[in-house]
Amino acid sequence: MAASKLLPIAVKAIDSAGWLLVFPLPDGNKIKVASLWQALFPKSKMRWEWDDSADSRVVQLWHLRREIAESQKIIYSKWYRDRATVFSIPCFLALYRVLEPARQALSPDAREILELLEYESPLSTKQLRRGVELQGKENEKRFHSATRELWRSLAMVGIGEIDDGAFPSLAHAATHTVFEDQVARASRLSFEDAWRKLDEWPELARAARKILGANSGTKV
């Protein structure tokens with residue numbers, strides 16, 4: 001089945017679950033987190049291979065990931081353990097609200113990238129690096145650290161792909177620029193209501209508390 005035909009099925013699965021990883025965690029992981037792969041291809045183990053024997057469903061899901069991000073019916077971020085993660089709108093609203101302290105505590109590098117995205121979204125990885133002058137291997141760690149802050153705080157989201165050389169690059173965007181209405185809805189939630197909603201997904205809430213604790217130096 002073509003990726004485009006899977007899109008409505010995927011959106012329905014994400015809306016039902018609230019949030020999903022796109023690809024499953026590696027075998028042997030103690031924490032069980034549902035994935036879009038499992039929702040679309042239940043009881044089928046994913047084999048991450050890109051040679052001639054590659055499972056066509058893995059390729060489909062890779063393209064579907066882009067279509068999901070482009071649709072803007074679902075929020076796409078490299079959030080849970082820095083992996084591709086997709087959120088339903090209700091789940092996003094609660095998570096975005098509780099992560100407000102993390103966005104307020106962004107480092108100077110992360111703020112500079114976010115300001116660039118506020119001025120112009122979307123941008124590819126190469127465009128981001130050039131725009132904030134963090135090109136080259138010597139700046140790899142700084143750039144990765146800054147973008148990780150933006151992903152984990154939901155200040156930045158992915159909204160598709162940009163042709164940027166031999167391999168397409170993820171299209172990065174400032175969340176409050178692309179999802180202005182949803183961000184406004186989230187801001188009207190009280191922290192208490194947002195946490196109450198988020199606790200419907202215990203592992204998501206646990207991960208959010210960990211992020212906030214890392215930013216504050218205390219447990220949340």
Side-chain angles (χ1 to χ4, degrees), residues 3-4 6-8 10-11 13-15 17-25 33 35-37 39-40 48 58-96 99 102-103 106 109-132 134 143-183 186 204 207-208 211:
S4 57
L6 286 173
L7 180 60
V11 170
I14 298 162
D15 282 339
W19 75 288
L20 293 169
L21 290 175
V22 175
F23 299 100
L25 290 172
V33 178
S35 68
L36 188 55
W37 170 271
L40 296 175
W48 188 265
V58 176
V59 178
Q60 282 181 322
L61 189 52
W62 182 262
H63 292 302
L64 180 62
R65 175 194 61 93
R66 171 185 55 78
E67 293 183 10
I68 288 170
E70 288 177 346
S71 76
Q72 297 187 23
K73 296 177 181 178
I74 296 295
I75 311 297
Y76 175 96
S77 174
K78 291 183 179 180
W79 194 82
Y80 185 81
R81 299 191 182 188
D82 303 326
R83 293 173 176 271
T85 313
V86 282
F87 303 96
S88 68
I89 296 301
C91 183
F92 164 77
L93 296 177
L95 184 60
Y96 187 87
L99 289 174
R103 292 190 295 278
L106 291 174
D109 282 344
R111 288 187 180 280
E112 187 176 2
I113 292 173
L114 184 58
E115 288 172 3
L116 176 62
L117 289 172
E118 289 169 346
Y119 177 75
E120 184 180 2
S121 283
L123 293 174
S124 68
T125 301
K126 186 183 295 185
Q127 290 168 331
L128 278 181
R129 286 179 178 275
R130 184 168 58 244
V132 296
L134 287 177
F143 182 79
H144 175 74
S145 178
T147 53
R148 188 168 188 254
E149 286 183 59
L150 295 171
W151 288 125
R152 284 160 59 91
S153 66
L154 284 183
M156 181 172 74
V157 291
I159 59 169
E161 290 181 347
I162 296 174
D163 288 332
D164 194 19
F167 197 77
S169 171
L170 185 63
H172 305 74
T175 307
H176 68 266
T177 299
V178 177
F179 292 102
E180 184 178 3
D181 292 344
Q182 305 301 351
V183 166
L204 188 73
I211 289 171

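Computed from heavy atoms alone, side chains included, the values below leave out hydrogens, waters and symmetry copies.
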Distance-only, no hydrogens or angles: does the Ser77 side chain make a donor-acceptor pair with backbone N or O of Leu154 under 3.5 Å? no
Starting from the C-alpha separation in whole Å, work towards a yes-or-no answer on side-chain contact (heavy atoms from CB on, under 4.5 Å) for Tyr80 and Leu204. CA-CA 8 Å; Tyr80 185 81; Leu204 188 73; 5.8 Å; no
Counterpart residues, side-chain hydrogen bond (donor to acceptor under 3.5 Å, both in side chains), relative to Arg148 (two or more places apart): Asp82
Enter the distance from Thr147:OG1 to Lys78:NZ here, rounded to the nearest 0.5 Å. 8.0 Å
Minimal non-hydrogen separation, Leu170 against Gly160, with atom names: CD1-O, 3.3 Å
Once side chain to side chain contact (heavy atoms under 4.5 Å, CB included) is applied, do any residues pair with Leu116, and if so which ones, sequence neighbours excluded? Leu123, Leu128, Val132
If you look at every heavy atom in Ala173 and Val178, which pair is closest and at what distance? CB-CG2, 3.3 Å
Rounding to 0.5 Å, atoms NE2 (His144) and CD (Glu149) come to a distance of 11.0 Å
Using the side-chain hydrogen bond (donor to acceptor under 3.5 Å, both in side chains) criterion, which residues pair with Arg130? Sequence neighbours excluded. none
Nearest 0.5 Å, what's the CD-CD distance between Glu67 and Glu161? 10.0 Å
Ser35: which residues meet the side chain to side chain contact (heavy atoms under 4.5 Å, CB included) condition with it, sequence neighbours left out? Leu21, Pro24, Trp37, Gln38
CD1/Ile75 to CD1/Ile89 distance, rounded to the nearest 0.5 angstrom? 4.0 Å
Return the orientation label for the Trp151 and His172 ring planes: parallel under 30°, perpendicular over 60°, tilted otherwise. tilted
Go through the structure and list residues passing salt bridge (Lys or Arg N to Asp or Glu O under 4.0 Å) with Glu70, not counting sequence neighbours. Arg66
Report the residues that fulfil ring-ring contact (aromatic ring centres under 6.0 Å, His included) with Phe179, sequence neighbours left out, ordered by chain and then residue number. none
Heavy-atom check, side chain of Trp19 versus side chain of Val33, under 4.5 Å: yes
Within the distance-only criterion (no hydrogens, no angle test), does the side chain of Ser121 pair as donor or acceptor with the backbone N or O of Ala174 below 3.5 angstrom? yes
Minimal heavy-atom distance between Arg152 and Leu99, with the atoms involved, is O-CD1, 3.4 Å
Can you confirm if the NZ or CZ of Arg65 lies within 45° of the ring axis of Phe23 and under 6.0 Å from the centre of its six-membered ring? no
Who are the salt bridge (Lys or Arg N to Asp or Glu O under 4.0 Å) partners of Arg129, not counting sequence neighbours? Glu140
Closest approach of Ala155 to Leu114 (non-hydrogen atoms, all atoms of both residues): O-CD1, 3.7 Å
Just so I know, are the side chains of Ser153 and Leu106 near enough to count as touching, which here means a heavy-atom distance under 4.5 Å? yes
Close side-chain approach of Thr177 and Leu117, heavy atoms under 4.5 Å: no
Restricting to salt bridge (Lys or Arg N to Asp or Glu O under 4.0 Å), what partner residues turn up for Asp15, sequence neighbours left out? none
With Tyr76, which residues qualify under ring-ring contact (aromatic ring centres under 6.0 Å, His included), at least two apart? none
Which of Val157, Ile74, Leu95 passes side-chain contact (heavy atoms from CB on, under 4.5 Å) with Phe87? It is Leu95
If you take all heavy atoms of Leu7 and Ser71, which pair is closest and at what distance? CD2-CB, 4.5 Å
Suppose we screen for side-chain hydrogen bond (donor to acceptor under 3.5 Å, both in side chains). Which residues come up paired with Glu118, at least two apart in sequence or across chains? His176
Residues which pass side-chain hydrogen bond (donor to acceptor under 3.5 Å, both in side chains) with Ser124, listed by chain and number, not counting sequence neighbours: Gln127, Asp164
Taking all heavy atoms of Leu61 and all of Val22, pick out the closest pair and write down the distance. CD2-O, 3.5 Å
Return the set of residues passing side chain to side chain contact (heavy atoms under 4.5 Å, CB included) with Ala17 (not counting sequence neighbours), or none when no residue passes. Leu20
